Amino acid sequence: MTTRVRFAPSPTGYLHIGSARTALFNYLFAKHTGGKFLIRVEDTDQQRSTEESLASILDGLKWLGFAHDEKIVFQSDNAEKHRVTALKLLQEGKAYRDFTSKEDRSITDIKKDIADKARKQGRDKDMRDNEYRVLPKEESDKRAKNGERFAIRLKVATTGKSSFEDAVYGLQERDYADIEDLVLLRSDGHPLYNLAVVCDDIEMNISHVIRGQDHITNTHKQILIYEALGEERPTFAHLPLILAPGGKKLSKRIHGEIVSMTAYRDAGFIAGAFRNFLALLGWSAGEEQEIYSLEELIEKFSLDRINQSNATFNFDANNERRWTDDKAIWMNAEYIRTMALDGLVPLVREELRNEKLWREEYDDDEKQWFESTVDLIRERFYTLKDFSEQGRAFFSEDFDYDKNAIEKNLKKHPDLRTWLPELAEKFEGLEDFSHDEIFAAVKDFCEEKSTKVGVVLNGTRVLLTGQGVGPSMVSVIEQLGKDKTVMRLKSQVAWNE
RNA sequence: GACCGGUUCGUCUAGGGGUCUAGGACACCGCCCUUUCACGGCGGCAACACGGGUUCAAAUCCCGUACCGGUUACCA
C-alpha cells in the first residue's frame, strides 16, 4: 500500500511556522516512502475562512517547495457527504438527536466560559448526562418531524477506553468516561470538525495522519467515529509543538510577524535554509550533521526519530539582531556562503529588483562582474536583504555610511581626510588595476605616511562601501574598479556626516 | 479542577542500563589566521528537574513530587 498523507490547514490566517513544520514532516514522510502528499483545506468554518488567507498559505508552501500531488480538496465541498454520514449514524442508533437549544454567544465569550467551567469541573462530571441520549426513538423522530432543531451527537460508550499506537508518542489511552458525546452535526446542519476530518481522511484514503500533538484528544474522538463507521483507521503520528521563549504559545497576536512564514521570505531567507532549520526542530537524524539538502532530508526522515518534547523557538523581540532564532539566521548565512552561485544569483537578482537596484546589464555585458561581485560579498552576509543594504554600494552610488564605521574607522584618524584623496591619485596612475598592483600601492602609501595598513584599509572601506566590515579590502577595491574607487575616495560626504 | 503528554548546556539536540569525567550545533568568551573587520581554524564556558526505589552498575528502567505544555465548544 502506498502511503498517502495530507496537510490540512484551515484558511483563517497566514501560514504559521508550526504549520509549516507540520507540512514539512508530512512532505518528507510522503517522499521518503514514495507516497503522496495531499492538501486539504479545512474551511468548514465559513465565517472565519478567507481567500487571502488561503492564498498566503499556498504561497508559503510553494516557497518552501512542497508541491502537492493531487488536486486540492476543499472540505466545504464535502459537507453533504458529512451530513449523510451523520444521519447514517443516527439511523443506526450510534448517534442521537440533541434538542438542547444552541447558546448564542461570541467566540471570545465561549472561550472564557469554557475555561471557567472546566476549572470547576472534576472527574466526577458525568459526560453521559444528557436527557436526549436516552430519549426513545419514536419521541425523537416525532420532535424532529415537528421541525424542532437538533444537533447530532455521537453516542459514546459508558465504559471502556479508546487507545491507539502513536508513531511518535507510543501507546495512547483515554477512558470513554472522559470523552463527551461529541457533536457531529450542528443544529444548523453544518458538519463539525471531527466528523469532517474522519470522513475526508477515509475518502482521501489517507494512510498516515501527521499533525501537532494538540490534536491528541481529537484523535481519541476521531477513533470513536472510525469505529462507529466500521472503518479502518490510519496510523497517527503527533508532533511536538513549537513554543515561544518561556515555553508559551507562539501566537501572532503576542509575537507578531515572527510566527508567519511570509515574514521569513520577506526578510531575505533562503527557502532551503529555513526548511533545513525547521526540519531540525523536533527531528534529528541522530548524527552530527546540521546542513541537509531536501534530498538528504527525504532520504533520512523517519517518524520514529521525531522528538516527544516541545521545542522553544528562540528569539528576542527587543534585540534587532536577534529578531528570530540565532540558529535560523546562522543557517541562512551558511546557505548564502556555500550554496551554488547559480542558485544564489537569481535570488539576489530578485532582491535587487525589488529594491530598484537591478540593471539589465547585470544579465548581459556585466554578467561576469555581477556574479563575481555576489560571490565576493556573500561571504559575510546573513540574509538576501544584505545584498541590497550592506552591499548597496556595489550596485549604486546612492548608499549610506554606517555611523559607527565613520566614527571608528574614519574620524578617529583625521589624517585620512587628506590621505585618502591622495591615495586616490596614486590609484589613478595605476596601469592595470589588479589585486597585486593595488596592494603594492597601498603598502607604498602607508610606508610614505608611516602608518599601519589597517588604518588606511579600514578608512577606505568606509568610503567605498559605507560599511565597517566586509570581505578582503583589496579585493573589494579591485571589484569596484578604478573609477568608482577614485571618485569615492575623493568624496567628502562621509566626513561631513 | 480533570484527563493526556513532556522535562539532557541559555536555545536546538545526541544518547534508551556499563563505552558518559554526557557528544554535536547555535549563541557567548578567548587565541590564531587575515599587514583591516562579523569569514575561517583551534580552544573555553555551560546540562541529565527533584526524591525514592530496582540493579554489581541508572541520564537511560519503575514509583512519587515539582514544573512546563496540550485538551476540556453546536472553533478548527
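Lettering follows sequence order; numbering is per chain, from 1. As the structure is a prediction and not an experimental result, all values here were calculated from the model.
- Here the nucleotide nearest the side chain of A/R48, chosen from B/C3, B/G70, B/A76, is B/A76.
- The distance from atom CG of A/N218 to atom C1' of B/A76 is 8 Å, rounded to the nearest whole Å.
- Atom NE2 of A/H215 and atom C1' of B/G5 are 15 Å apart (whole Å).
- Nucleotide B/G6: paired with B/C67 (Watson-Crick or G-U wobble, both distances less than 3.5 Å).
- When the C1' atom is used for both B/A57 and B/G18, the distance is 6 Å, rounded to whole Å.
- Side-chain polar atoms of A/Y193 and A/N218 form no donor-acceptor pair below 3.5 angstrom.
- Using a 30° and 60° split on the angle between ring planes, A/Y264 and A/F269 fall in the perpendicular class, above 60°.
- No engagement by A/Q47 is indicated, since no non-hydrogen atom pair under 4.0 Å with the nucleic acid exists.
- In this structure, A/D175 does not pair ionically with A/K161, as no charged nitrogen and carboxylate oxygen lie closer than 4.0 Å.
- Heavy atoms of other residues, nucleotides or ligands lying less than 6.0 angstrom from CD of A/E287 number more than 12.
- A/Q172 comes within 4.0 angstrom of sugar-phosphate atoms only, judged by non-hydrogen atoms across all strands, and of no base.
- Among the atoms of the strands shown, none is found under 4.0 Å from any heavy atom of A/G212.
- Distances were taken from every side-chain heavy atom of A/N314 (C-beta onward) to each of B/U71, B/C74, B/U11; the shortest belongs to B/U11.
- Rounding to the nearest 0.5 angstrom, the gap separating the NZ atom in A/K248 from the CG atom in A/L243 is 9.0 Å.
- Base pairing of B/U19: no nucleotide in any strand meets the Watson-Crick or G-U wobble criterion (both distances under 3.5 Å).
- In this structure B/U72 sits in a base pair with B/G1, meeting the Watson-Crick or G-U test at under 3.5 Å.
- Side-chain contact, A/H82 with A/D200: a donor N or O sits under 3.5 Å from an acceptor N or O.
- Contact check, A/T312 against B/C12: a side-chain N or O comes under 4.0 Å of OP1 or OP2.
- The side chain of A/Q308 has B/G6 as its nearest neighbour among B/C74, B/A76, B/G6.
- If you check every strand for non-hydrogen atoms under 4.0 Å, A/Y193 touches a base.
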How does protein reach along nucleotides 36-41 of chain B, written 5' to 3' as B (base within reach of a heavy atom under 4.0 Å), S (only sugar-phosphate), or - (no contact)? BBBBS-

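- Across every strand in view, B/G40 sits in a pair with B/C32 that passes the Watson-Crick or G-U test at under 3.5 angstrom.
- Distances shown here put a side-chain N or O of A/R305 below 4.0 Å from the OP1 or OP2 atom of B/G15.
- A/F439 and A/H435 have tilted rings, their planes meeting at an angle from 30° to 60° on a 0 to 90° scale.
- Only the C1' atoms considered, B/G70 is 24 Å distant from B/C63, to the nearest whole Å.
- The listed nucleotides are B/A25, B/G69, B/G6; the one nearest the side chain of A/K327 is B/A25.
- Distance CG (A/L184) to P (B/A73): 15 Å, rounded to an integer number of Å.
- A/T44 comes within contact range of the sugar-phosphate backbone alone, with a heavy-atom separation under 4.0 Å but no base atom that close.
- In this structure, CZ of A/R322 is placed 13 Å from P of B/C26, rounded to the nearest angstrom.
- The aromatic rings of A/F277 and A/F274 sit tilted relative to each other, their planes meeting at an angle between 30° and 60°.
- Between A/R186 and B/A73 there is no side-chain N or O to OP1 or OP2 distance below 4.0 Å.
- The separation of B/U11 from B/C68, taken at their P atoms, amounts to 15 Å, rounded to a whole angstrom.
- Closest approach to the A/N307 side chain among B/G23, B/A14, B/U72 is made by B/A14 (side chain taken as heavy atoms from C-beta onward).
- Nucleic acid contact class of A/E290 (heavy atoms, under 4.0 Å, all strands): base.
- Across all strands, A/S187 comes closer than 4.0 Å to base atoms (heavy-atom distances).
- Taking the centre of each ring, A/Y132 and A/Y96 stay at or above the 6.0 Å mark.
- Between the CG atom of A/N310 and the P atom of B/G70 there is a distance of 8 Å, given to the nearest Å.
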